Amino acid sequence: MSGFQYEAPATVDAAVGLLAGAKGNARVLAGGTDLLVQLRTGAAKPDLVVDIKRIGELRQISGTAAGGFVIGAAAPGAEIGEHKELAKAWPGVVEGMELIGSTQIQGRATPGGNLCNASPAGDCTPGLVAAGAIAVIAGPNGRREVAVEQVPVSPGKTSLAKGEFVVAIKLPPRAKNSGDAYLRMIPRTEMDIAIVGAAVNLTLDASGTCTQARVSLGAVAPTVLLVDAAAKALIGTKVDDAALAKLAAAASAACKPIDDKRGTIEYRTKVAGVLARRAAIIARDRARSNA
Amino acid sequence: MAGYEGKSFKWVGTRPVRPDGVDKVTGRATYGADMNLPGQLTGRILRSPHAHAKILSIDTSKAEKLKGVKAVVTSKDFPQMHRGVLPGDEGVNFHYLSSNIMARDKVLYDGHAVAAVAATSAAIAEEALALIDVKYEVLPHVIDVDDAMKPGAPLLHDDVFTTGVNPKPDKPSNIVQRVHMALGDAEAAFKDADIVIERSFKSKAVHQGYIEPHAVVAEWSEDGQCRIWCSSQGHFMVRALTSRLLNMEAAQIRVMPAEIGGGFGGKTIVFIEPTAVLLARKASLPVRIVMSRDEVFRATGPAPGSSMDVKIGAKKDGTLVAAVGEFRFQAGAFPGSPVGPACMAAFGPYALANVTSAGYEAVTNRPLCYSYRAPGAPLSSFAVESVIDEIAQKLNIDPMEMRIKNGSKEGTQMVYGPKLKAVGNLECLKAIQNHPINKIPLGPNQGRGLAAGFWFNLGGQSSAVVNIAEDGTANIMTGSPDIGGSRASMALMAAEVLGIDYSKVRPIVGDTSSVGFCEITHGSRVTFATGMAIIQAAEDVVLQCRQRVAAMWEVDVDAVKWEDGHACPAGANAGDQKPLSLAKIAAKASRTGGPLVGSAAINAGGAGPAFGVHICDVEVDPETGGVTVLRYVAAQDAGKAIHPSYVEGQIQGGVAQGIGWALNEEYIYGADGRLQNSGFLDYRIPVASDLPMIDALILEVPNPGHPFGVRGVGEVPIVPPLAAIANAIARATGARMMDLPMSPPKILAAIDAKK
Amino acid sequence: MSKFHISTTVNGEAVEYLCDPKQTLLDVLRDELNLTGSKEGCSSGDCGACSVTLDGRLVCSCLVLGVEMQGRSVETIENMTSDEKLHPLQQKFLEAAALQCGFCTPGFLVAAKALLEKNPNPTESEARYWLAENLCRCTGYDKIIRAVLETAADMRGSK
Amino acid sequence: MARIVLSDEFGRQFAGGQTRFDLDVRDVRHLIRTLEEMFPGIAEHLEAGAIAIDNEIIPDPWLNPIRPNSEVFFLPAIKGG
């Protein structure tokens, strides 16, 4: 019989206990928008499914005293999009989250799930990586924090150990004159997996010179990339056309994509540069208006 | 048939709420998968993971022993069919049809059915499938039509011999047929041309993409009677094919038409119904099979991919002098691609004295290629309309003027022989020419594209019954599944003839045991042919009413005329009688001869061809190749629009499907011959945010073959969009796309190649 | 594997059912509760034909497990009419011929109702993006979008 | 005599390349019988396709009259979608 054990614990500790003690394959159920499809097709055959949506703290989105944010791993995209302060501080992160599916998927899909599904094309992840977000991981040995880009290690695989799961994602406090943006290329306007995604997060000084930048690319390598060379192309510049051209070239150069049903190596490489440039312009303009 | 020329209509042409509407907005309407009979089992089908393989053995013993499994069937349970086509079978090869429903000695495509189970739950049925052990010997496969036609290509069948060639081949081949038709001498006429353009085109297979997966519930009783509920485009087709395939008598099978959630040609043949009947018979319990979306993509009847060459010559002033097209279509694993109609329709919008249209069909390791809205025409038309546009561009002539100058009209001889009767091609062209869209200035990276399209439209067999109730209200019944509002048009036509209020007419779709035979809902035939049957059945009632009133009034029937739902004196010789309403006549029916029942059973000829002309504006992102459709206008000759809202809906829906075909829809196969995008995530049909409003202009050039002037409207709207979009992209970017779909990577590569 | 006993609220009524862990909310609605108005078009959250609201939030019922429903509340197309009257969206869909085959219609209506509750004055673009997960293959969306926008205008006018 | 036109491929396959014939036939049934006598084996192929008589495509024709000056074309089968 192809069923599984289903548990919906009320606390993080209980969830860790279940996951750590599981015999066979255990899966965490957050929004379920990936897991249920895998259950249907037979791609996932878990023995235990742990639903984390009944853990109160995992559904919270809260601001920290320092001005950052903690997003519970089971908060759905729709709630993230409705969080006005978050959307104001991190519009790029939020637009990445809101691009996962359309309205119905938004009612369920979570950033924690998107991160741990470990698809290189996950729309939420580049924005988080560019933002310098931290994943809070609970496990049998207590909690630990890692940069989000450390969570996925290859398509469908994460660095989480048995019994561990992501409980929250932390966004740092927002400096003045900062902005971020995420863009992706899909053949339709909605309901597609990104062929390429690009997120840019930057901070300007009072003169408009870029002092800090992070650039992240999706769907151009086995995992979402953090591209230092692309960020360096922006830092110290006014994010003018010359800098943007360098950024685009660095982004394209960082790509290690594959040919697949969604796009070609050539296309992904080229469009990664285009999207990085366009996202940088949006981030720059947001930073300028965020004085 | 009474003449209605010049008559002003009271109901026809209005837009009332459809009779089945409330059930559909409340969730009450019953589609195939909504049936749930007591004791019903769940049926599931095991499908081939290989594109082409010999079946060495199938061991179902473990599955049969699983608790909860009530029946397992394989091809051994299906009667052997005669190999080849028998006279009277209208070209249907039942051996192939049976072999498609359940693979016999070979599997011919990824997704080909090899066994089926019925069990007490879906979970058990799935577990049982996993216990069936099939041993395969994998064979080389062929996916592309040009590859399949090459000598030495992996051969799918040993009994396909190319037809249409001389001498008759003595070796089997993947090439099923060669079609060839010509007027004049095109090759000789090219020397009179000032410009000749020859281009090659490719396209991928596409799916109809109906949202409702195929679903069937079958019930078998020990006296050999069988009932089937299913969503199809023709329950009489389901009965006919199921009875032949299972060696049953047609009258043993009663097929109940469920509501159908879209078909577009894809539900004009059986895929799962005979399997459900066999499982129900073995299990002695009702069985429901509902396809998953994956199965729908892998194992139903998509439209073929193609490879096409078109060469057209013109004078400097844009006069077309010669045209040649060769259209090579994939069949799927079995013959059946619409290459004949593609050849016939390709040059339909043009009056050409010298034209040759030829086609080939070749079997490939793909699911059966079957009908999709104006089958064949969108592809051949894409190629022809692209070349026409390029000629206009090169000659610096307005593409609209060029189409009007060369446009086909009444009296034009078509490449397949006959001459056109009254048609609306020029009217559509002029309507688009005069549309305000032409005045909207285009911005950078924007382009405007124009294309025309033709489709034959079909008639055929239909039956209808009009039952008048004792209060003068009417129940009308046909056997044509209502796929997009045809109940409303049937009721409007009956109300018109009977002269009673639309709200007093209740239309139903009868099952195969309740109403006379009706052909499938296809070929844009229902409003035309089944509508004609309804008109005749209603006229039959009117005649009976006049006869009965004549008897009451003791006058000749000619002295009684029918006006606005009343029997009235036709002249002074009928005396000074007060008009009698249908309700009053019905109330007295028992005394005047019994129930008032009108019926008609016809084989309708006289279907009038449809023309459509489309114009659209697109914007192309030069850095990503992404296309945004900004505006879209479609003009179409409907003959007479019975319910204009649903005519507009057919046009808008066809356009949307055509845009999807043009831009993003495609079957993607891996090197292993397996389909990679068998879901709505990666098979990209247009979503709401992809499209603009679609302005549908209805023109009415009456079809002389129908009492109200009706032409079919459902199919031609999908013909022009492929080229209209391609022509707009060509004008926006300077790059002419000759490979469908025009997805962003291809467009970007073409733009970059121009640089 | 034994079945789960779930107590939940469906269309305002307390409901109990037994389900396998693998059954989706859509399976439960259709096969256990006989509420077949929600349709199965893909079972992967890509077509929207199974749209329902779960604790007021628009979701695809094929992407919710039946076992997740303990103590929650779901509303389906079957609950859209009230006092024997059609919802204004239902009435407008009929008048505007915003359906052909009707299979996607329940999902569109549930989704459009959720839109108008959140945004009573959507632009055409907002309506198109909100409804982008509801696939329709018959209409080209034109009449559906018009019906939604016209209903929104009517409902604002009648307030 | 009615003018009868076969498609090129039937002409090629059965009639030595000839496609146009002037025949004295009463109706479609008579026409198909006559052609079958002239070109054995052609009937089943003709019956699987469509026919246009005097510019009208006729579904499943058999008893339809053919007048002395009629023009008859044999066409590939047309399936709708």
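Because the structure is predicted, anything quoted here is derived from the model rather than measured. Letters A, B, ... mirror the listed sequences (proteins, then strands); counts begin at 1.
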Exercise. How many angstroms lie between OG in B:S121 and CG in C:D20, if you round to the nearest 0.5 Å?
Worked result: 6.5 Å
Exercise. Under 4.5 Å between any side-chain heavy atoms of B:M35 and C:T36, yes or no?
Worked result: no
For this session: Determine, stepwise, if the pair B:V17 / C:E95 fulfils side chain to side chain contact (heavy atoms under 4.5 Å, CB included).
Result: CA-CA 6 Å; B:V17 167; C:E95 289 163 5; 4.1 Å; yes
Exercise. For the residue pair B:N36 and C:D31, what are the closest heavy atoms and their distance?
Worked result: ND2-O, 4.3 Å
Problem set entry | Check: B:Q652 side chain, C:Y141 main-chain N or O, donor-acceptor pair, under 3.5 Å | no
Seminar exercise, completed: All heavy atoms of B:I694 vs all of C:D142, minimum pair found to be N-OD2, 2.7 Å
Exercise. Picking from B:E212, B:M291, B:K24, which has the most non-hydrogen pairs under 4.5 angstrom with chain C?
Worked result: B:E212
Exercise. For B:F680 and C:C42, which heavy atoms make the closest approach, and how far apart are they?
Worked result: CD1-CB, 4.0 Å
Exercise. Who wins among B:R28, B:Q208, B:E259 for the most heavy-atom pairs under 4.5 Å with chain C?
Worked result: B:Q208
For this session: Could you grab the distance from atom CD of C:E126 to atom OG of B:S689, nearest 0.5 Å is fine?
Result: 12.5 Å
Seminar exercise, completed: Looking only at C:G37, C:G41, C:C47, C:G102, most heavy-atom pairs under 4.5 Å shared with chain B are made by C:G41
Problem set entry | Sidechain N-carboxylate O distance under 4.0 Å for C:K143, B:E648 | yes
For this session: Could you pull out the closest heavy-atom pair between B:Y31 and C:C101, with the gap in Å?
Result: OH-O, 2.7 Å
Exercise. Under 4.5 Å between any side-chain heavy atoms of C:Q90 and B:T26, yes or no?
Worked result: yes
Exercise. Who among B:D695, B:V22, B:D482, B:V655 has the most heavy-atom pairs with chain C under 4.5 Å?
Worked result: B:V22
Problem set entry | Contacting region of B:R288 [heavy-atom separation from chain C under 4.5 Å] | side chain
Exercise. Is B:D34 paired with C:K39 through a side-chain N to carboxylate O contact shorter than 4.0 Å?
Worked result: yes
Seminar exercise, completed: Applying a strict 4.5 Å limit to non-hydrogen atoms, the region of C:Q23 in contact with chain B is neither
For this session: Take B:M693 and C:I145, measure what side chain to side chain contact (heavy atoms under 4.5 Å, CB included) needs, and give me the verdict at the end.
Result: CA-CA 9 Å; B:M693 292 297 183; C:I145 300 298; 3.7 Å; yes
Problem set entry | Heavy-atom pair count under 4.5 Å with chain C, highest-scoring of B:A215, B:G209, B:G660 | B:G209
Exercise. Looking at B:P16, B:S486, B:A122, B:S645, which one has more heavy-atom pairs under 4.5 Å with chain C than the rest?
Worked result: B:S645
Problem set entry | Per-residue contact mode, B:I483 against chain C (heavy atom under 4.5 angstrom) | backbone
Exercise. For B:F264 and C:C138, which heavy atoms make the closest approach, and how far apart are they?
Worked result: CZ-SG, 3.7 Å
Exercise. Taking B:P686, B:G679, B:G485, B:A696 one by one, which has the highest count of heavy-atom pairs under 4.5 Å against chain C?
Worked result: B:P686
Seminar exercise, completed: Max heavy-atom pairs within cutoff under 4.5 Å with chain B, candidates C:R146, C:R30, C:R137, C:R128, goes to C:R137
Exercise. Considering only heavy atoms, which portion of B:A33 lies under 4.5 Å from any heavy atom of chain C: side chain, backbone, both, or neither?
Worked result: both
Problem set entry | Side chain / backbone / both / neither for C:T139 at chain B, heavy atoms under 4.5 Å | backbone
For this session: Measure B:I211 against the heavy atoms of chain C and call it side chain, backbone, both or neither at under 4.5 Å.
Result: both
Problem set entry | Proximal component of C:L135, with respect to chain B [non-hydrogen, under 4.5 Å] | both
Problem set entry | Flag, side chain of B:R18 to backbone of C:L99, donor-acceptor distance under 3.5 Å | yes
Exercise. Which atom names give the shortest non-hydrogen contact between B:V25 and C:I77, and what distance separates them?
Worked result: O-CD1, 3.5 Å
For this session: Considering only heavy atoms and a distance below 4.5 Å, find which of C:S38, C:S44, C:A132, C:G48 pairs most often with chain B.
Result: C:A132
